Amino acid sequence: QVQLVQTGGGLVQAGGSLSLSCVASGRTVSSYAMGWFRQFPGKEREFVAGVSGIGITNFADSVKGRFTISRDNGKNTAYLQMNSLKPEDTAVYFCAVDKSRGAFRPPSFWAQDYDYWGQGTQVTVSS
């Protein structure tokens with residue numbers, strides 16, 4: 001079993017930056033894909049960014065060029081750096097681990113492919 005604990009997030013003005021961290025425990029996740037999703041009120045979780053075990057990344061079109069994802073396998077941690085934030089980025093952000101995809105395939109865009117989830121972190125961008 002894998003447990004994910006998120007830190008970071010909060011309130012920032014439009015144009016600002018925030019970062020999120022996701023620490024995994026229970027077992028090493030270095031060969032698993034890690035992803036970030038967000039959820040708007042009343043909506044399904046949507047993919048934001050993902051990184052495979054060997055560092056292949058995927059991004060939602062809405063965040064390309066503004067967000068970066070990285071991981072430190074030695075620390076069992078994934079990071080999401082969010083720059084040039086917009087009010088429409090306001091959401092609850094979740095990290096997730098996909099244990100089935102393998103380290104060499106690009107991370108999945110689909111929430112149902114992910115097996116473990118963090119607790120969620122509010123990100124609020126004021127205009």
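Along the sequence shown, residues carry numbers from 1. Only a predicted model underlies this, so the values are computations on that prediction, with no experimental measurement involved.
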Query - Hydrophobic cluster identity match, Tyr93 and Trp117, side-chain contacts under 4.5 Å - result: no

Query raised in the report: What's the shortest heavy-atom distance between Ser17 and Ser84, and which atoms?
Result: OG-N, 4.4 Å

Report task. List for me each residue that meets side chain to side chain donor-acceptor pair (under 3.5 Å) alongside Asp72, sequence neighbours excluded, and say none if there are none. Result -> none

Report task. Would you confirm whether Gln6, through its side chain, and Cys95, through its main-chain N or O, come within 3.5 Å as a donor-acceptor pair? Result -> yes

Query raised in the report: In terms of hydrophobic clusters joined by side-chain contacts under 4.5 Å, are Phe47 and Met34 together?
Result: no

Requested in this report: Mark yes or no for whether Asn76, through its side chain, and Ala24, through its backbone, hold a donor-acceptor pair below 3.5 Å.
Outcome: yes

Query - Rounded distance (nearest 0.5 Å) linking atom SG of Cys22 with atom CZ of Arg71 - result: 10.0 Å

Query raised in the report: Counting distance only, does the side-chain N/O of Asp115 pair as donor-acceptor with the main-chain N or O of Lys99 below 3.5 Å?
Result: yes

Query raised in the report: Are Tyr32 and Val51 connected in a single hydrophobic cluster, I mean Ile/Leu/Val/Met/Phe/Trp/Tyr linked by side-chain heavy atoms less than 4.5 Å apart?
Result: yes

Query - Cluster check Phe94, Val123: I/L/V/M/F/W/Y, side chain < 4.5 angstrom - result: no

Query raised in the report: If you round to the nearest 0.5 Å, how far is OH of Tyr79 from CH2 of Trp36?
Result: 10.5 Å

Report task. Would you indicate whether the side-chain heavy atoms of Thr124 and Ser126 approach each other to under 4.5 Å? Result -> no

Report task. Assess whether side chain to side chain contact (heavy atoms under 4.5 Å, CB included) is satisfied between Thr7 and Thr121, documenting all intermediate values. Result -> CA-CA 7 Å; Thr7 58; Thr121 302; over 6 Å; no

Report task. Could you walk me through whether Met82 and Val125 pass the side chain to side chain contact (heavy atoms under 4.5 Å, CB included) test, one step at a time? Result -> CA-CA 11 Å; Met82 303 178 287; Val125 185; over 6 Å; no

Query raised in the report: Looking only at heavy atoms, what is the nearest atom pair of Ala49 and Leu80, with distance?
Result: CB-CD1, 4.1 Å

Query raised in the report: Minimum heavy-atom separation for Phe59 to Thr68, with atom names?
Result: CE2-CA, 3.8 Å

Query raised in the report: What are the two closest non-hydrogen atoms of Pro107 and Ile56, and how far apart are they?
Result: CD-O, 3.4 Å

Query - NZ/NE/NH1/NH2 to OD/OE distance under 4.0 Å, Asp61 and Lys64 - result: yes

Query - Approximate separation, where rounding is to 0.5 Å, of Ile54 CD1 and Ser31 OG - result: 11.5 Å

Query raised in the report: Would Val92 and Leu18 show up in the same hydrophobic cluster when neighbours are defined by side-chain heavy atoms closer than 4.5 Å?
Result: no

Report summary line: Partner of Phe37 under ring pair (Phe, Tyr, Trp, His ring centres under 6.0 Å), picked from Trp110, Phe109, Tyr114, is Tyr114

Query raised in the report: Can you check whether Tyr116 reaches Gln1 side chain to side chain, under 4.5 Å on heavy atoms?
Result: yes

Report task. Considering non-hydrogen atoms only, spot the tightest contact between Arg38 and Ser62 and give its length. Result -> NH2-OG, 3.3 Å

Report summary line: Here the gap from Leu20 atom CG to Gln81 atom CD, rounded to the nearest 0.5 Å, amounts to 9.0 Å

Query raised in the report: Is a side-chain donor or acceptor of Ser52 paired with a backbone partner of Ala103 at a separation under 3.5 angstrom?
Result: yes

**Report entry** Reported CG-to-CD1 distance for the pair Asn58 and Ile69, which is rounded to 0.5 angstrom
**Finding:** 9.5 Å

Query raised in the report: Nearest 0.5 Å, what's the CG-CD distance between Leu4 and Gln119?
Result: 8.5 Å

Query raised in the report: Residues sharing Val23's hydrophobic cluster, by side-chain heavy-atom contacts under 4.5 Å among ILVMFWY, directly or via others?
Result: none

Report task. Taking all heavy atoms of Asp98 and all of Ser108, pick out the closest pair and write down the distance. Result -> OD2-CB, 4.3 Å

Requested in this report: Give a yes or no on whether Gln112 atom CD has more than 12 heavy-atom contacts from other residues, nucleotides or ligands under 6.0 Å away.
Outcome: yes

